[in-house]
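When a ligand or atom number is given, it counts from 1 through the structure's own listing order.
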Amino acid sequence: MKTERLAKRYRVEGGKHFRLKDFDPADTGHWRSKKHAQEALQQGIVQTAALQDKLYAQDCWSLLLIFQAMDAAGKDGIIKHVMSGVNPQGCQVFSFKAPSDLELQHDFLWRTTRCLPERGHIGIFNRSYYEEVLVVRVHPEILKSQKMPPTLVGKNLWEERFEDIRGFERHMARSGTVIRKFFLHVSKKEQKRRFLARLEEPEKNWKFSAADIRERGCWDDYQEAYEDMIGNTASKHAPWYIVPADNKWFTRLVVSAVVVDALESLDLAYPKVEEEKRKELEAAKKVLLSK
Ligand code: ATP
Ligand code: MG
């Protein structure tokens, strides 16, 4: 399957018929094993690196990649893998945890807005403003810490947040930020297996936190919140990708395909040298060669 087709298969651009249960976390397309996909995996990294070089040189578009998932779905590994070939100078990763006191003094889009990628750059959000319609929705008591004027917290709050997010993403897209959003779709069974590995293998112990088990207890509420979030915020200019996450190698292949597809869809090219600049380069060359 070519990159473009692989990317398209998991893309959601609108919420009308979206149901999470239509997507299988264990899907691997027509790939049978990691070994089988090895070449494509490597190719994706090489292509991303070459495209990023042009993105940076052109200094016009920017790319924002947003990752959301249940714990142990593999966000960190994906970010490490997909970005392994790119020049760190043109790429920045931000992880968003529970907000700080300063962040709580502001609206919910403030902290992420400060971290948006500059032109020519790739920005990666490991969690994002989408937590505001996920963890905050599943645990509405968090809302109290947000210090919102009580009259503004009504029964349409989540709908209003979806609307604000849609408006924000439309604005970013119109300004030249290409947005691609990934939901790493792991099954409850696979999450259990990974948690057990974190408990049993000493070198994975550090990855485990007691909060992970608490959140697992809210699995169904999270799935519902994810479904509603994706259905309400998927658009042509900021699509969601429901990436099967039970097999890490396949998750990597899909994410890499989407990144390549997104960059290829742009008119990326190295800046053309103006006549005057070209003369300057030729003169410099002459000087260098004459000594
Ligand atoms: P890992 O567990 O792989 O190290 P992580 O992204 O799960 O990475 P943690 O420190 O375990 O990092 O979790 C961050 C926590 O912060 C998550 O439970 C997330 O829901 C929470 N969080 C993120 N944004 C918000 C927010 N706006 N309000 C409240 N909680 C938030
Ligand atoms: Mg965690």
Side-chain angles (χ1 to χ4, degrees), residues 25 64-83 92-116 123-148 152-153 157-158 160-162 164-165 168-169 181-188 190-230 233 243 245-246 248 251-252 255:
L64 174 63
L65 307 174
I66 296 181
F67 291 90
Q68 289 290 159
M70 296 297 286
D71 285 301
K75 284 185 281 104
D76 291 3
I78 281 288
I79 293 168
K80 196 157 84 180
H81 176 86
V82 174
M83 292 303 131
Q92 256 185 313
V93 184
F94 294 95
S95 299
F96 296 100
K97 316 240 169 192
S100 68
D101 287 348
L102 174 64
E103 287 164 353
L104 289 170
Q105 290 297 109
H106 293 270
D107 68 278
F108 81 87
L109 288 173
W110 183 77
R111 67 170 175 163
T112 41
T113 303
R114 304 169 84 211
C115 302
L116 289 167
I124 297 176
F125 284 0
N126 181 349
R127 301 188 188 269
S128 65
Y129 45 81
Y130 279 106
E131 290 292 327
E132 299 292 340
V133 292
L134 293 168
V135 67
V136 185
R137 193 170 187 183
V138 172
H139 301 288
E141 64 277 10
I142 296 176
L143 269 175
K144 286 204 192 82
S145 66
Q146 299 197 342
K147 302 195 213 173
M148 293 265 293
L152 298 184
V153 184
L157 181 72
W158 310 116
E160 286 166 8
R161 287 193 171 180
F162 290 144
D164 293 340
I165 289 172
F168 170 73
E169 291 181 347
K181 306 178 293 199
F182 301 91
F183 170 51
L184 308 187
H185 188 25
V186 74
S187 67
K188 200 173 179 187
E190 177 62 18
Q191 190 199 48
K192 181 178 178 175
R193 206 187 60 74
R194 292 183 190 174
F195 278 173
L196 284 173
R198 288 179 180 189
L199 292 169
E200 283 159 10
E201 297 170 34
E203 64 277 18
K204 287 189 179 166
N205 283 171
W206 66 274
K207 284 189 184 176
F208 187 81
S209 109
D212 293 353
I213 294 289
R214 277 203 303 277
E215 295 311 293
R216 179 176 165 82
C218 306
W219 183 273
D220 291 345
D221 293 340
Y222 269 110
Q223 299 298 303
E224 236 174 81
Y226 268 111
E227 186 169 85
D228 206 31
M229 172 194 87
I230 293 164
T233 57
V243 188
D246 277 7
K248 286 184 180 174
T251 317
R252 288 169 192 182
V255 171

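In terms of protein heavy-atom proximity, atom 26 (C) of ligand 1 is nearest to P99 CD, 3.4 Å. The protein heavy atom nearest to atom 19 (C) of ligand 1 is E131 OE1, 3.6 Å. From the protein, the heavy atom lying nearest to atom 16 (O) of ligand 1 is A98 N, 3.2 Å. Ranking the protein heavy atoms by distance from atom 6 (O) of ligand 1 puts R127 NE, 2.6 Å first. What sits closest to atom 30 (N) of ligand 1 on the protein, heavy atoms only, is V135 CG1, 3.5 Å.
Of all the atoms in ligand 1, the ones that sit under 4.0 Å from a non-hydrogen atom of D71 are 2 (O), 7 (O). Atoms of ligand 1 lying under 4.0 Å from at least one heavy atom of D76, given by number and element, are 3 (O). Each of the following atoms of ligand 1 lies closer than 4.0 Å to a heavy atom of K75: 5 (P), 6 (O).
Within the 4.0 Å heavy-atom criterion, neither part of F108 lies near ligand 1.
Across every non-hydrogen atom of V153 and L143, the tightest pair is CG1-CD1, 4.1 Å. When all heavy atoms of R127 and A69 are compared, the closest pair comes out as NH1-O, 4.0 Å.
Between F94 and T112 there is no side-chain heavy-atom pair separated by less than 4.5 Å. Contact annotation: the side chain of Q223 approaches that of M70 to within less than 4.5 Å [non-hydrogen atoms, C-beta and beyond].
Taking 4.0 Å as the cut-off, R111 counts as a neighbour of ligand 1 on heavy-atom distance. Note on ligand 1: S209 sits outside its first shell, no heavy atom being nearer than 4.0 Å.
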**OP:** Give the intermediate values and the outcome of salt bridge (charged side-chain N to carboxylate O under 4.0 Å, His left out) for residues E190 and R193.
**Re:** CA-CA 5 Å; E190 177 62 18; R193 206 187 60 74; 2.8 Å; yes
**OP:** Apply the test side chain to side chain contact (heavy atoms under 4.5 Å, CB included) to residues I78 and R252: give CA-CA distance (whole Å), side-chain angles for both, the deciding distance (0.1 Å), then the verdict.
**Re:** CA-CA 6 Å; I78 281 288; R252 288 169 192 182; 3.5 Å; yes
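With M70, K97, R214 as candidates, the residue nearest to atom 15 (C) of ligand 1 on a non-hydrogen basis is K97. Scanning E215, H139, E132 for the heavy atom closest to atom 27 (N) of ligand 1 points to E132.
Shown here is D101, whose CG atom has no more than 12 heavy atoms of other residues, nucleotides or ligands within 6.0 Å. The number of heavy atoms from other shown groups lying within 6.0 Å of NZ (K80) does not exceed 12.
Between F125 and Y130, the ring centre distance reaches or exceeds 6.0 Å.
D71 lies close to the Mg ion (ligand 2), since one of its N, O or S atoms is found at a distance under 2.8 Å.
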